[in-house]
Amino acid sequence: MLTTTTVDPINRASQVTVLGLGDMGSAIARTFLDRGHRTTVWNRTASKALPLVDAGATAAATAAEAAAASPLVVVCLLDGAAVDEVLGSVDAAVAGKVLVNLTSGSPQQARANDRWARARGAEYLDGKIMGDPPYVGTPHVMFPFSGSRTAFEAHGPMLRELGTVVYHGEEAGSAAVEFMAQVAMGYEILIGFLHTLRLVQAEGVDVAEFAERVANNVAALAPLLTSIGNAVRAGDYPPDLGPLNVQAALMDDLISHRESIGVEAVRMREVEGLMDRRIADGFGAQGFSSLFELLAKA
């Protein structure tokens, strides 16, 4: 049976506290321990702390006691609702601390957490995790951070022990913007890839061999992505993939091919509709990047 230790709030010997010991929280706490940091841990299901206690961590009986034990308090929970609940139980125990939230969430949640922390005399850093638990502590996990510059400068060296760290500035929601956009980009690419595999398979082509050929060509997209980003920032849209007038001629073939073999064509129809609108507005000489102008919600 796991026994917890009541931590004296005055004792500053513990350098870091980790609240939340799921797979990711446990990997974070384990990394801190392995790097020689005195670590206090807490989890709602106390038995999850046992392996970390065996490795040298101190388990606190409550989240508030855990937060009081260390100048740096790292939160890694399932979602924003869990963060709200735990922070509600911690409350004034974060006064004078640096609160680092590594839970996935929106920029709006990050800004709300920042206000909550500052109202209680704490400094706030919002962080996101782009990688899997086994790779925590290696360069293969990306941690975007934003929030208090003072807090980041003070604790950045320790946070960098978790992986590759990038600081996105003092606006608390910036790291979440980066995270949401990067994850969304991945899903956008991958769902398009699955649609294409369905198309290839329906035509009797080996999907694994096709995927290998596509993977070899992905590197060619990097300069195009950079070019499109620059075009959007400048609001000047060169014919990056050729003029829309020319590109649009291909869309009917792409759509009819998919529909003729029973493959979903919704994404191609969306692109065709955007191209047609842009051409009708008199911008047919511009490139694919100019479709950006039509993507704002009315």
Side-chain angles (χ1 to χ4, degrees), residues 104 127-146 160 162-169 174-255 257-258 261 263-272 274-275 278 283 285-295:
S104 297
K128 299 294 176 265
I129 307 170
M130 299 168 64
D132 297 320
Y135 300 104
V136 172
T138 77
H140 302 297
V141 182
M142 176 76 76
F143 289 84
F145 284 99
S146 58
R160 287 189 179 93
L162 298 177
T164 299
V165 166
V166 179
Y167 178 63
H168 290 270
S174 295
V177 171
E178 179 74 11
F179 173 78
M180 292 294 212
Q182 292 269 9
V183 171
M185 181 68 174
Y187 279 122
E188 293 278 4
I189 291 171
L190 292 175
I191 192 61
F193 181 53
L194 290 180
H195 275 288
T196 306
L197 290 184
R198 175 61 67 183
L199 174 76
V200 167
Q201 187 181 65
E203 288 285 17
V205 175
D206 186 292
V207 293
E209 292 179 0
F210 172 77
E212 184 175 356
R213 291 192 294 274
V214 170
N216 290 333
N217 293 331
V218 166
L221 291 176
L224 178 61
L225 294 177
T226 301
S227 173
I228 289 175
N230 289 332
V232 168
R233 181 171 61 184
D236 182 19
Y237 304 106
D240 39 43
L241 297 176
L244 290 178
N245 286 325
V246 175
Q247 293 184 57
L250 180 63
M251 299 312 297
D252 282 343
D253 287 339
L254 290 171
I255 292 167
H257 179 209
R258 290 182 179 225
I261 55 177
V263 175
E264 179 61 71
V266 63
R267 298 175 70 79
M268 291 298 102
R269 286 198 173 279
E270 178 189 9
V271 173
E272 181 184 50
L274 292 169
M275 286 184 176
R278 194 68 178 157
F283 299 103
Q286 295 183 344
F288 185 84
S289 58
S290 73
L291 301 185
F292 174 82
E293 296 292 336
L294 302 178
L295 300 183

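Keep in mind the model is a prediction, meaning the values are calculated, not measured. Residue numbers start at 1 and run along the sequence shown.
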Is there a donor-acceptor pair closer than 3.5 Å between any side-chain N or O of Gln286 and the backbone N or O of Pro243? no
Could you tell me which non-hydrogen atom of Ala175 sits nearest to which non-hydrogen atom of Ser146, and how far apart they are? N-OG, 2.9 Å
Report the distance from atom CD1 of Ile228 to atom CZ of Arg233, rounding to the nearest 0.5 Å. 14.0 Å
Is there a side-chain contact between Leu244 and Leu291 in this structure, where contact means two heavy atoms from C-beta onward sitting under 4.5 Å apart? yes
Is any side-chain heavy atom of Gln201 closer than 4.5 Å to one of Val263? no
Donor-acceptor pair, side chain of Thr164 and main chain of Pro139, under 3.5 angstrom: yes
Is there side-chain contact between Glu272 and Asp252, with heavy atoms separated by less than 4.5 Å? yes
Here the gap from Thr138 atom OG1 to Leu162 atom CG, rounded to the nearest 0.5 Å, amounts to 10.5 Å
Taking all heavy atoms of Gly242 and all of Gln247, pick out the closest pair and write down the distance. O-NE2, 2.6 Å
Looking only at non-hydrogen atoms, find the nearest pair between Ala176 and Lys128 and report the distance. CB-CE, 3.9 Å
Do Val232 and Tyr237 make a side-chain contact, defined as non-hydrogen atoms from C-beta onward lying under 4.5 Å apart? yes
Is any side-chain heavy atom of Arg258 closer than 4.5 Å to one of Glu264? no
For Met251 and Met268 the tightest heavy-atom approach is CE-O, 3.5 Å
Test side chain to side chain contact (heavy atoms under 4.5 Å, CB included) on Val166 and Phe143 and set out the steps. CA-CA 6 Å; Val166 179; Phe143 289 84; over 6 Å; no
Filter on salt bridge (charged side-chain N to carboxylate O under 4.0 Å, His left out), then keep only pairs touching residues 183-207, sequence neighbours left out; what's left? Glu188-Arg267
Min side-chain heavy-atom separation Val141-Ile129 under 4.5 Å: yes
Straight-line distance of Gln182 CD to Met130 CE, nearest 0.5 Å: 4.0 Å
Quiz question: by atom type and distance under 3.5 Å, do the side chains of Asp240 and Ser289 form a donor-acceptor pair? yes
Is any side-chain heavy atom of Phe145 less than 4.5 Å from a side-chain heavy atom of His168? no
Is Phe193 atom CZ crowded by more than 12 heavy atoms from other residues, nucleotides or ligands, each under 6.0 Å away? yes
Atom CD of Glu270 and atom CG of Leu295: how far apart are they, to the nearest 0.5 Å? 7.5 Å
Does Phe292, at its CZ atom, have more than 12 non-hydrogen atoms belonging to other residues, nucleotides or ligands within less than 6.0 Å? no
Can you tell if the side chain of Leu199 reaches within under 4.5 Å of the side chain of His195, non-hydrogen atoms only? no
For Glu178 and Pro144, work out which heavy atoms get closest and say how close. CG-CB, 4.4 Å
Kindly compute the distance separating CZ (Arg269) from CG (Leu254), expressed to the nearest 0.5 Å. 11.5 Å
Donor-acceptor pair, side chain of Ser227 and main chain of Pro223, under 3.5 angstrom: no
I'd like to know whether Leu241 forms a side chain to side chain contact (heavy atoms under 4.5 Å, CB included) with Leu224, so could you lay out the CA-CA distance, the side-chain angles of the two residues, the decisive distance to 0.1 Å, and finally the verdict. CA-CA 9 Å; Leu241 297 176; Leu224 178 61; 3.9 Å; yes
Does atom CZ (Phe288) have a neighbourhood of more than 12 heavy atoms from anything else shown, all under 6.0 Å? no
